[in-house]
Amino acid sequence: MATLFDSLAGLDNFALYFAVSIFFLFVFKIVYAFVTPHDEWKLVKEEKNVAAAIGFGGALVGFALALSGAAANSVSIIDFAIWGVVAILAQSLAFALLRFTFMPRIAQRINDNEISAGTMLAAMSVAVGLLNAACMTY
């Protein structure tokens, strides 16, 4: 029985970090909507746009990867929150980099439901999320 209680001793920290993580996912969705010139939710929900779903899904996964790195390496909930904000900024910067450097027409291509554009956006987002998480090992 002691082993069970010892195992559950960290449940309060888990719940706190998990709740903050879900909050950050919601914040990321809002920030990402401001950064991108196209409305992902409208494209996905109303127009059934697969390119937007792939791109936005990749952005969420990339951010979650970065956020997991922040959670795993933080020393406190405040430290985690600070690095969560850094992760949001890095993922937003990744979209801007892709849009203004490598694929200047990516927003229009996603609006046009070009699967290749959504796939490239997803790949860039996941790649940046992995790098972001790895760089949070301080």
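Quick note: numbers below take in every heavy atom, side chains included, and nothing from hydrogens, waters or symmetry partners. For this chain, numbers begin at 1 and follow the sequence in order.
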Which atoms form the tightest heavy-atom contact between A33 and E40, and what is the distance? CA-OE1, 4.1 Å

Just do the side chain to side chain contact (heavy atoms under 4.5 Å, CB included) check on I115 and N113 with the steps written out, would you? CA-CA 6 Å; I115 306 299; N113 202 13; 4.0 Å; yes

Donor-acceptor under 3.5 Å (N132 side chain, V128 main chain): no

Could you tell me whether a side-chain N or O of Q91 sits under 3.5 Å from a main-chain N or O of G129, the two making a donor and an acceptor? yes

Measuring from atom CG of L130 to atom OG of S125, what distance do you get when rounded to the nearest 0.5 angstrom? 11.0 Å

List, by chain and then residue number, the residues other than F26 in its hydrophobic cluster (Ile/Leu/Val/Met/Phe/Trp/Tyr, side-chain heavy atoms under 4.5 Å); write none if there are no others. I30, F34

Within the structure provided, determine whether F102 and M120 are in side-chain contact (heavy-atom separation under 4.5 Å). no

According to a 4.5 Å side-chain heavy-atom criterion applied to Ile, Leu, Val, Met, Phe, Trp and Tyr, with indirect links allowed, do V61 and M124 form part of one hydrophobic cluster? no

Over all atoms of both residues, closest heavy-atom pair of G55 and Y32: O-OH, 4.3 Å

Heavy-atom closest pair, residues A87 and M136: CB-CE, 3.9 Å

Decide side chain to side chain contact (heavy atoms under 4.5 Å, CB included) for L43 and N111; before the verdict, give the C-alpha distance in whole Å, the side-chain angles of both, and the deciding distance to 0.1 Å. CA-CA 7 Å; L43 290 172; N111 274 325; 3.3 Å; yes

With the 4.5 Å side-chain cut-off for hydrophobic clustering, are L98 and V126 part of the same group? no

Check whether any side-chain heavy atom of V85 sits under 4.5 Å from a side-chain heavy atom of F24, and report yes or no. yes

Connected via hydrophobic side-chain network under 4.5 Å: I110 and M103: yes

Close side-chain approach of I54 and L121, heavy atoms under 4.5 Å: no

Any non-hydrogen side-chain atom of V86 less than 4.5 Å from a side-chain atom of I88? no

Find out if a path of hydrophobic residues (ILVMFWY) with successive side-chain heavy-atom gaps under 4.5 Å connects L25 to V44. no

State the NZ-CD distance between K45 and E47, to the nearest 0.5 angstrom. 13.0 Å

So, do V20 and Y17 sit near enough that their side-chain heavy atoms are less than 4.5 Å apart? no

Answer with yes or no whether the side chains of R99 and T36 bring together a donor and an acceptor at under 3.5 Å. no

Going from CD1 on I22 to CG on L67, what distance comes out if it is rounded to the nearest 0.5 angstrom? 9.0 Å

pair K29-F56: side-chain heavy atoms closer than 4.5 Å: yes

Please say yes or no: joined through hydrophobic side-chain contacts below 4.5 Å, possibly via intermediate residues, are L93 and F28 part of one cluster? no

Do you know which two heavy atoms are closest between A133 and L65, and how far apart they sit? CB-O, 3.3 Å

Roughly how far, to the nearest 0.5 Å, is the CG atom of L16 from the CZ atom of F80? 9.0 Å

Between F63 and G84, what is the shortest heavy-atom contact and its length? CE1-O, 3.9 Å

